[in-house]
2 protein chains.
Amino acid sequence: MTIDPRDTLTRAPTAPPPSQRVDKASHLPAYVQLAQTVRQSIADESYPSGSRLPSESALAKSFGVSVMTARQAVSVLAEEGLVERVQGSGTFVRRVQMARSHFTLEALYEVLARPEELEVKILKAGVEEPGHAVIEQLRVQPGTPTIVVERLLLHRGRPFVFQVAISRFDPRSPIVETMLDSAVLTGLLSDQGRSSFKKGELQLLPTALDAREANLLGEPPGAIVFRLEHLFFDFSDRPAAFGWLLISPRRMPLISRVGVWDE
Amino acid sequence: MTIDPRDTLTRAPTAPPPSQRVDKASHLPAYVQLAQTVRQSIADESYPSGSRLPSESALAKSFGVSVMTARQAVSVLAEEGLVERVQGSGTFVRRVQMARSHFTLEALYEVLARPEELEVKILKAGVEEPGHAVIEQLRVQPGTPTIVVERLLLHRGRPFVFQVAISRFDPRSPIVETMLDSAVLTGLLSDQGRSSFKKGELQLLPTALDAREANLLGEPPGAIVFRLEHLFFDFSDRPAAFGWLLISPRRMPLISRVGVWDE
DNA sequence: AAGTGGTCTAGACCACCTA
DNA sequence: AGGTGGTCTAGACCACTTT
């Protein structure tokens, strides 16, 4: 759902466009320079919250670039969430707001991308009858065997992630290979590994560790951590891999910045 | 950090570009139609994971559009995370991976955007001496009074969010107005309200509710919930508002989808 | 050297909103 | 009706990678 910024804000007059021109000597693209100029004007309140930016053609003219280039600059700011385009009306400076923030698993990705610092301990690997949750998620018949793998991932010798992964048992693929293939972990997380899926759904939850999990992760009993549930689908749209990661917020901080931070 | 997709994947030959043309009768823009065509080819593995897409000029030619239009179509897929551009080399189909997921506070935003369904209960509003954490976050001198407000937000009559907000005491602004201004909550979350900041930093954490918090939110004692800490800065780059929200994952599910879902 | 994506031009017409 | 952003053209040159 979208809220029209004009409904709720006192319309401020459009400030004059910057008279500055692109520095052709600079190796920075013109659209980056223009975006930074406008970003700075938002930061110092030359273009206050809710006000309308100069039109793209006005920006182009005053900055000495073509309309498409000015448009690209505005696109950068729109993607950053600093401004909002309204067709037929203009581009408006958006207020800084919490709900626009988004959180990425960058911290996890950074670690997984350096396999030389990682160690994978297989805690359990076998074929099991699925429980209720697994039957529902993987959409298998009760009694159908599934492959269950528990892994502890260590980063620089310290416990990092505890993972439980449950896959369909596929008679066409070698069992042992599938079970021990750490690609089911690293392949889902980084660009590496072989495993390949069509799509996936993830849910982030807060949870408390039980005694065993806390011990494995080197956390105090009952520690509160993130649980990242994942369900991946093969190219036939069948749910193929279900599982979850447990990871401490200290090891994977979820931080988001909104508004103008660079300068 | 970035991993070159070519390092880790068997290079698959580039499949032929789609011979389909844009439907000019359709009201869908050409770039959307082309993006959907390519998306479908990724979904059915005509362009398998790791393979190179046809070049933008090849796509443009076979689809009967200009290069810039084909480029815009590829940009859509790149923003979705389905493909990755490598300058000088090509555009490659990316594997579906967990670490590319991102989580937004959309569920929270949806609720906050409908003020008619909301009710705000002020549980506490007053001037207090700041504690250790607040002194650090707001960078105030010990002993400097700060404004503390506790609010319970109800959605359709049911407890939704518990918020604690601590602001600098600003002698230039009316105290009571500042204290009771629900904009400090809704303004930070939605486009509405008056409060305005230059930038903000947010951190999402898992936490357990204490007895009072659980009672307020209608959760069982010790329930595990999200804690969204926020620190907002005014246009002088001074930290101006610090606080946190407590919200159940049932009321704000954090779900992310990766790969090809539409069709 | 040839091919790729990245940037850029100088226009054009359209859909939409405001006055 | 005039202004705005949204889409699109048919080129161009550049930076970069691969052959």
Side-chain angles (χ1 to χ4, degrees), chain A residues 2 4-7 9 11-14 17 21-36 38 47 51-79 83-94, chain B residues 2 4-7 9 11 13-14 17 21-36 38 47 51-79 82-94:
Chain A
T2 305
D4 189 328
R6 295 156 303 157
D7 291 345
L9 292 161
R11 180 72 71 85
T14 301
R21 300 245 154 186
V22 294
D23 176 9
K24 303 238 175 187
S26 166
H27 283 179
L28 280 175
Y31 78 91
V32 173
Q33 294 180 48
L34 177 49
Q36 179 54 28
V38 176
Y47 302 152
S51 66
R52 202 183 67 193
L53 292 190
S55 74
E56 293 170 354
S57 59
L59 283 174
K61 192 174 178 186
S62 68
F63 215 71
V65 296
S66 78
V67 175
M68 281 296 277
T69 300
R71 188 170 169 73
Q72 193 174 359
V74 175
S75 295
V76 169
L77 303 176
E79 273 162 39
V83 302
E84 177 175 351
R85 288 183 157 123
V86 181
Q87 178 168 159
S89 182
T91 301
F92 299 84
V93 179
R94 261 197 344 208
Chain B
T2 305
D4 189 327
R6 294 158 301 156
D7 291 345
L9 292 161
R11 180 72 70 85
T14 301
R21 300 247 154 185
V22 294
D23 175 11
K24 304 238 174 187
S26 165
H27 284 178
L28 281 176
Y31 79 92
V32 173
Q33 294 181 48
L34 178 48
Q36 180 55 29
V38 176
Y47 302 151
S51 66
R52 202 184 67 194
L53 291 190
S55 74
E56 292 171 353
S57 59
L59 283 175
K61 193 174 176 187
S62 68
F63 214 71
V65 296
S66 79
V67 175
M68 282 295 278
T69 301
R71 188 169 169 72
Q72 193 174 0
V74 174
S75 295
V76 170
L77 303 176
E79 272 162 38
L82 257 43
V83 301
E84 178 175 351
R85 287 183 156 121
V86 182
Q87 176 169 159
S89 182
T91 301
F92 299 85
V93 179
R94 262 197 345 210

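Any value given below was found using the heavy atoms of this structure, including those in side chains, with hydrogens, waters and symmetry copies removed.
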Do the side-chain N or O atoms of [X] get closer than 4.0 angstrom to the phosphate oxygens (OP1, OP2) of [N]?
X: A:Ser55; N: D:dT4; result: yes
X: A:Tyr31; N: C:dT7; result: yes
X: B:Arg85; N: C:dT4; result: no

Subject >> Touch class at under 4.0 angstrom, heavy-atom based, for B:Gln87 against every strand present >> reply: base
If you only use heavy atoms from C-beta on, which nucleotide in [options] is closest to the side chain of [X]?
X: B:Ser66; options: D:dT17, D:dT9, C:dC8; result: D:dT9
X: B:Pro29; options: D:dT7, D:dT9, C:dT9; result: D:dT7
X: B:Thr69; options: C:dC8, C:dG5, D:dT9; result: D:dT9
X: B:Met68; options: C:dG5, C:dT7, D:dT4; result: C:dT7
X: A:Arg52; options: C:dT9, D:dT4, D:dG5; result: D:dT4
X: B:Arg71; options: C:dT7, C:dC8, C:dA10; result: C:dT7

Original post:
Quick one: side chain to side chain donor-acceptor pair (under 3.5 Å) partners of B:Arg71, sequence neighbours excluded?
Top reply: B:Glu56
**OP:** Check side chain to side chain donor-acceptor pair (under 3.5 Å) between B:Gln72 and all other residues, then give those that pass, not counting sequence neighbours.
**Re:** none
Original post:
Start at the 5' end of DNA chain D and walk down; is the nucleotide closest to B:Gly88 or to A:Ser57 reached first?
Top reply: A:Ser57
Subject >> For B:Tyr31 against B:Thr69, the heavy-atom pair lying closest together >> reply: CB-O, 3.7 Å
**OP:** State, to 0.1 Å, how close A:Ala30 and A:Val65 come at their nearest heavy-atom pair, and which atoms those are.
**Re:** CB-CG1, 4.1 Å
